[in-house]
Amino acid sequence: MTAEEREFVFKITILGDAAVGKTSLINQFVEGAFQEDYKPTLGANIVRKDVNLEEVNAQVRLIMWDLAGQEKYNVIRSMYFQGCVGALVVYDVTRFQTFENIESKWLKDFKKYVKREGAYILIGNKIDLSDRRTVPEEKGKELAEKIQASDFIETSAKFGDNVEKAFKNLVFQILRNYGEKI
Ligand code: G3D
Ligand code: MG
């Protein structure tokens with residue numbers, strides 16, 4: 001006997017400083033393509049993708065809120081986080097300041113606005129720029145443990161490395177938080 005496929009709708013956010021690669025990660029995940037000439041969106045851009053999880057016989061519609069200009073963030077903050085169940089928290093491995101802002105800024109906001117069960121994964125992006133790296137992988141791992149992120153994944157939104165894995169792992173963690181045994 002096969003169980004009927006279940007459907008979920010999850011709103012997630014992609015957090016992190018300007019230019020860490022938030023929009024590029026979404027583009028790579030949604031279109032499998034890297035748009036070199038992507039123009040920053042105004043306010044928040046809302047992108048949808050249906051993810052089929054055959055492993056658990058579930059269909060998940062992901063509603064991704066992509067934040068643009070950081071200055072606009074204050075105005076839309078509560079709307080931005082309303083109903084959000086998970087986040088990718090992203091820094092740029094070539095800019096140490098973006099790493100430092102994870103805990104002091106982005107995670108702080110997420111925890112303030114999203115209820116306790118909200119899942120988050122720490123992402124170190126731009127690993128293709130290996131000669132410019134200033135945040136070692138070990139540092140990322142340490143931070144992920146410290147902030148109790150569900151996972152730590154290094155990505156290249158430019159070449160697609162680990163991008164699908166990052167989004168899928170977040171979805172699995174959200175499902176676990178909802179009591180799914182996976
Ligand atoms: P944001 O949405 O977080 O502000 P964007 O960041 O996705 O707009 O990316 C900011 C810049 O970083 C863009 O370059 C983009 O092409 C680049 N970028 C994003 N991810 C990667 C990556 O994994 N590797 C490399 N090498 N570059 C990346 P521009 O030049 O358009 O500003
Ligand atoms: Mg952007």
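Counting convention: from 1, in listed order, for ligands and their atoms alike. Values reported hereafter were calculated over all heavy atoms of this structure, with side chains retained and with hydrogens, waters and symmetry mates removed. The model shown is predicted, which means the values in this text are computed figures rather than measured ones.
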**Report entry** Cation-pi geometry met for Lys49 and Phe29 (6.0 Å, 45°)
**Finding:**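 Judged by the rule, Lys49 and Phe29 form a cation-pi pair.
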Subset of ligand 1 atoms that lie under 4.0 Å from at least one heavy atom of [X]:
X      : answer
Asn125 : 20 (N), 21 (C), 23 (O)
Ala157 : 20 (N), 22 (C), 23 (O)
Ala19  : 1 (P), 3 (O), 4 (O), 6 (O), 10 (C), 12 (O)

Query - Test item: side-chain donor near acceptor, Asp92 and Thr98, under 3.5 Å - result: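 No, no side-chain donor-acceptor pair sits under 3.5 Å.
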Query raised in the report: Among side-chain atoms of Asn177 and Gln173, is any donor-acceptor pair under 3.5 angstrom?
Result: yes
Requested in this report: Please confirm whether Val20 comes within less than 3.5 Å of ligand 1 when only nitrogen or oxygen atoms on both sides are compared.
Outcome: yes
Query raised in the report: Is Asp66 in polar range of ligand 1, meaning some N or O pair under 3.5 Å apart?
Result: no
**Report entry** Side chains of Arg132 and Lys126 in contact at under 4.5 Å (non-hydrogen atoms)
**Finding:**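 Side chain of Arg132 against side chain of Lys126, heavy atoms only: no contact under 4.5 Å found.
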**Report entry** Leu175 side chain reached by Phe8 side chain, heavy atoms, under 4.5 Å
**Finding:** yes
Report summary line: Distance col, row Asn162:CG vs Asn125:CG, nearest 0.5 angstrom, shows 10.5 Å
Query raised in the report: Nearest 0.5 Å, what's the NZ-CG distance between Lys22 and Leu15?
Result: 8.5 Å
Going by the closest heavy atom to [atom], which one wins out of [options]?
atom                    : options                : value
atom 18 (N) of ligand 1 : Lys126, Gln28, Lys22   : Lys126
atom 22 (C) of ligand 1 : Leu129, Asp128, Thr155 : Asp128
atom 19 (C) of ligand 1 : Ser156, Gly160, Ser24  : Ser24

Query raised in the report: Near the Mg ion (ligand 2), is there an N/O/S atom from Ser24 that is less than 2.8 Å away?
Result: no
Requested in this report: Could you tell me whether ligand 1 has any atom less than 4.0 Å away from a heavy atom of Gly16?
Outcome: no
